[in-house]
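Here the structure comes first, spelled out in structure tokens, and everything after it is commentary.
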Amino acid sequence: MFPSVNEQMDVIRDGAIEVLPEDELVRKIENSIKNNKPLNIKLGADPSRPDLHIGHAVVLHKLRQFQDLGHKAILIIGDFTAMIGDPTGKSKTRPQSTLEETRINGQSYLEQATIILKRENLEVVYNSDWLGKMSFSDVIQLAARYTVAQLLERDDFSKRFKSGIPISVHELLYPLAQAMDSAQIKADVELGGTDQKFNLIVGREIQKAYGIEPQCIVTMPLLEGTDGVEKMSKSLDNYIALTDSPREMFGKVMSIPDTIITRYMRYAAFFPDNQVKAVEKGLADGTVHPRNAKVETAMKIVELYHSKQAAEAAFEEFERIFKNKELPDEIEEMQVEADNAEMGLMDLLVATGLAPSKKEAKRLIEQGGVLVDQNKTDDPFQRIQLSNKRLVKVGKRKFLYVVAK
RNA sequence: GGGCAGGUACCGAAGUGGUCAACCGGGGCAGACUGUAAAUCUGCUGGGCUCCGCCCUACGGAGGUUCGAAUCCUUCCCUGCCCA
């Protein structure tokens with residue numbers, strides 16, 4: 001049995017940026033309840049970048065909420081569209097991938113997505129199944145339903161167009177391909193980040209053109225990356241992967257700027273609204289220490305993807321290393337080849353991968369970023385005895401025991 | 001097909017024959033400080049070496065001119081704009 005319309009709408013609106021058209025969605029839900037028939041909730045997945053991070057989790061979490069309401073989640077692995085490469089946000093044409101690559105990536109995507117999604121009420125489909133079968137004349141028919149002016153309404157297209165950055169024709173086709181997916185699976189609702197709004201709306205238009213009841217759309221905010229400015233993405237290396245270790249996850253959350261703490265509370269840790277508001281107020285009037293708010297958020301996030309124990313361990317370790325400047329409880333050990341069990345410090349850093357080149361190693365040493373057995377060294381030509389294991393620390397968080405082979 | 005403007009390090013962007021491994025900004029890294037891997041401030045940011053100096057590689061690709069080229073010439077590739 002489905003919850004009431006109002007209950008459902010409350011859940012759907014929670015955290016969403018836009019739900020439109022709302023009245024249409026209400027009607028769809030009413031019908032769904034009346035006929036005891038779940039709605040088709042669509043989410044398109046881009047398998048060209050299969051490493052999911054907590055930014056993706058925002059929208060996956062919303063899909064999960066739909067599942068919990070009893071609706072059917074349809075995850076479309078865009079193996080075909082990945083060959084086009086959605087130009088979203090990027091000002092340059094993306095590299096295209098082969099179908100094979102994207103198939104493999106799609107599998108990996110699915111595994112990660114089911115960390116959040118339930119396996120029941122979940123259907124997974126690959127859009128190459130239908131897009132790959134379209135003939136050129138099918139494509140022309142599809143393309144005839146939309147105009148260049150309409151496509152140029154899309155913000156990034158028009159920006160690129162105005163500033164003379166190339167747009168290839170196949171990129172223009174991307175929103176249409178995605179819209180075709182909506183028609184194919186008869187989506188009732190499509191989810192996406194705010195950057196997807198345009199594509200989602202095109203889906204409505206194309207569904208109408210093919211005589212299908214148009215979908216409603218729900219857009220979710222784009223979570224900022226750990227730098228606090230750019231949206232989270234792998235290419236900017238400001239992301240927290242769903243599969244990051246507890247320690248990494250905790251540390252990365254602690255490194256976000258204070259200004260986005262409550263964003264993370266809401267969209268990454270999924271704290272309830274009243275709790276987020278309370279912290280917001282506390283931060284503003286100084287009764288809540290930003291560091292503590294961050295710790296709480298970091299713990300919750302680690303707990304979500306690992307466990308409560310893991311979260312506590314990560315917290316303790318963090319305190320130990322950064323607050324008390326002590327050693328982590330587990331330090332890797334590495335053996336290196338060394339003549340007479342002795343080696344120059346620069347060579348040592350390169351041999352262990354702690355520095356990418358000798359020049360870089362030299363810089364690190366001269367800047368005081370390298371400690372051997374907790375003693376600062378500033379001589380890059382220093383010889384290091386390695387018959388016993390030595391502790392090498394580079395920067396604030398790289399620790400390694402090194403010993404001669 | 002024709003005309004014009006461009007292609008510089010991770011990104012943006014200077015430089016238009018030697019003083020250029022290339023100004024500056026962003027990013028990244030390190031240090032100081034701290035409340036954290038926040039904020040702020042400072043420094044560094046192609047590689048190698050017998051390391052206060054020397055040697056390689058690098059300014060879209062390939063040739064060439066020159067004692068010497070990111071800078072000049074030829075050609076090829078790529079992009080934008082205008083015309084057809």
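Since we're looking at a predicted model, the values are computed, not measured. Every chain is numbered from 1, with letters handed out A, B, ... down the list of sequences.
- Partners of A/Tyr401 by ring pair (Phe, Tyr, Trp, His ring centres under 6.0 Å), not counting sequence neighbours: none found.
- Consecutive Watson-Crick or G-U pairing (both distances under 3.5 Å) extending over three or more pairs maps onto RNA chain B as B:1-7 with B:77-83, B:10-12 with B:24-26, B:27-32 with B:40-45, B:46-49 with B:53-56, B:60-64 with B:72-76.
- With salt bridges taken as basic N to acidic carboxylate O contacts below 4.0 Å, none links A/Arg27 and A/Glu24.
- In the set B/rG35, B/rG43, B/rG47, the nucleotide with an atom closest to the side chain of A/Gln367 is B/rG43.
- Of the candidates B/rC29, B/rU36, B/rG31, the closest approach to any side-chain atom of A/Leu364 belongs to B/rC29.
- There is a side-chain donor-acceptor pair under 3.5 Å between A/Glu190 and A/Gln178.
- Checked by distance alone, A/Arg397 brings a side-chain donor or acceptor within 3.5 Å of a matching partner on the base of B/rA37.
- A cation-pi arrangement, defined by a distance under 6.0 Å to the six-membered ring centre and an angle within 45 degrees of its axis, is absent between A/Arg263 and A/Tyr267.
- Side-chain contact between A/Thr226 and A/Tyr239: absent, with no pair of heavy atoms (C-beta onward) separated by less than 4.5 Å.
- Counting any heavy atom pair closer than 4.0 Å across all strands shown, A/Gly251 reaches a base atom.
- Taking atom NZ of residue A/Lys396 and atom C1' of nucleotide B/rA30, one finds them 8 Å apart after rounding to whole Å.
- The CD-P distance, from A/Glu317 to B/rA37, rounds to 14 Å in whole Å.
- A/Lys325 comes within contact range of at least one nucleobase, with a heavy-atom separation under 4.0 Å.
- On the C1' atoms, B/rA62 is 16 Å away from B/rG7, given to the nearest whole Å.
- Of the possible polar contacts, none joining the A/Arg390 side chain to the A/Val372 backbone as a donor-acceptor pair under 3.5 Å is found.
- The distance from atom CD1 of A/Ile301 to atom P of B/rA37 is 18 Å, rounded to the nearest whole Å.
- Proximity note for A/Phe322 (side chain, C-beta onward) versus B/rC29, B/rC51, B/rA37: the nearest is B/rA37.
- Nucleotides B/rA58 and B/rG2 have their P atoms positioned 33 Å apart, rounded to a whole Å.
- The same atom, P, is picked in B/rC11 and in B/rC23; the two are 16 Å apart, to the nearest Å.
- Going from atom CG of A/Asp237 over to atom C1' of B/rC29 covers 13 Å, rounded to whole Å.
- Scanning atom types as modelled, one donor and one acceptor separated by under 3.5 angstrom connect the side chain of A/Lys294 and the base of B/rU36.
- Distances shown here put a side-chain N or O of A/Arg363 below 4.0 Å from the OP1 or OP2 atom of B/rG47.
- Residue contacts shown for A/Lys323 are limited to sugar-phosphate atoms, with no base heavy atom under 4.0 Å away.
- Counting any heavy atom pair closer than 4.0 Å across all strands shown, A/Ile256 reaches sugar-phosphate atoms only and no base atom.
- A/Arg145 has no carboxylate O lying under 4.0 Å from a charged side-chain N of A/Glu205, or vice versa, which leaves the two without a salt bridge.
- Taking atom CG on A/Asn324 and atom C1' on B/rG35, their separation rounds to 13 Å, with Å as the unit.
- Between the side chains of A/Gln207 and A/Ser182, no donor N or O sits under 3.5 Å from an acceptor N or O.
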Check step by step if ring-ring contact (aromatic ring centres under 6.0 Å, His included) holds for A/His71 and A/Phe2.
CA-CA 9 Å; A/His71 298 296; A/Phe2 294 101; 5.2 Å; yes
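- Checked by distance alone, A/Asp258 brings a side-chain donor or acceptor within 3.5 Å of a matching partner on the base of B/rG35.
- Heavy-atom distances to RNA chain B give each of A/Val394 and A/Phe161 a nearest nucleotide, and the one nearer the 5′ end belongs to A/Val394.
- For B/rC59 and B/rG64, the P atoms lie 16 Å apart once the distance is rounded to whole Å.
- As rounded to whole Å, 13 Å separates atom P of B/rA32 from atom CG of A/Asp378.
- Straight-line distance between the C1' atoms of B/rA14 and B/rA84: roughly 37 Å, to the nearest whole Å.
- Between A/Phe399 atom CZ and B/rA37 atom P the separation is 11 Å, expressed in whole Å.
- Contact annotation: side chain of A/Lys358 to base of B/rC49, donor-acceptor pair absent below 3.5 Å.
- Residues passing the side chain to side chain contact (heavy atoms under 4.5 Å, CB included) test with A/Asn324, sequence neighbours excluded: A/Glu326.
- B/rG61 and B/rC77 are spaced 7 Å apart, taking the C1' atom of each and rounding to whole Å.
- Comparing A/Gly369 and A/Met254, the nucleotide of RNA chain B nearest to each residue sits closer to the 5' end for A/Gly369.
- Distance, A/Ile167 CD1 to B/rC78 P: 19 Å, rounded to whole Å.
- Between B/rC52 and B/rA38, the distance separating the two P atoms is 35 Å to the nearest Å.
- Distances shown here put a side-chain N or O of A/Arg291 below 4.0 Å from the OP1 or OP2 atom of B/rU36.
- Taking only side-chain atoms of A/Pro257, from C-beta outward, the nucleotide of B/rA38, B/rA37, B/rC49 with the closest atom is B/rA38.
- The nucleotide whose nearest atom lies closest to any side-chain atom of A/Phe318 is, among B/rG47, B/rG35, B/rA37, B/rA37.
- When the C1' atom is used for both B/rC78 and B/rG60, the distance is 8 Å, rounded to whole Å.
- Among the nucleotides B/rG48, B/rU36, B/rC44, the one closest to the side chain of A/Ser357 is B/rG48.
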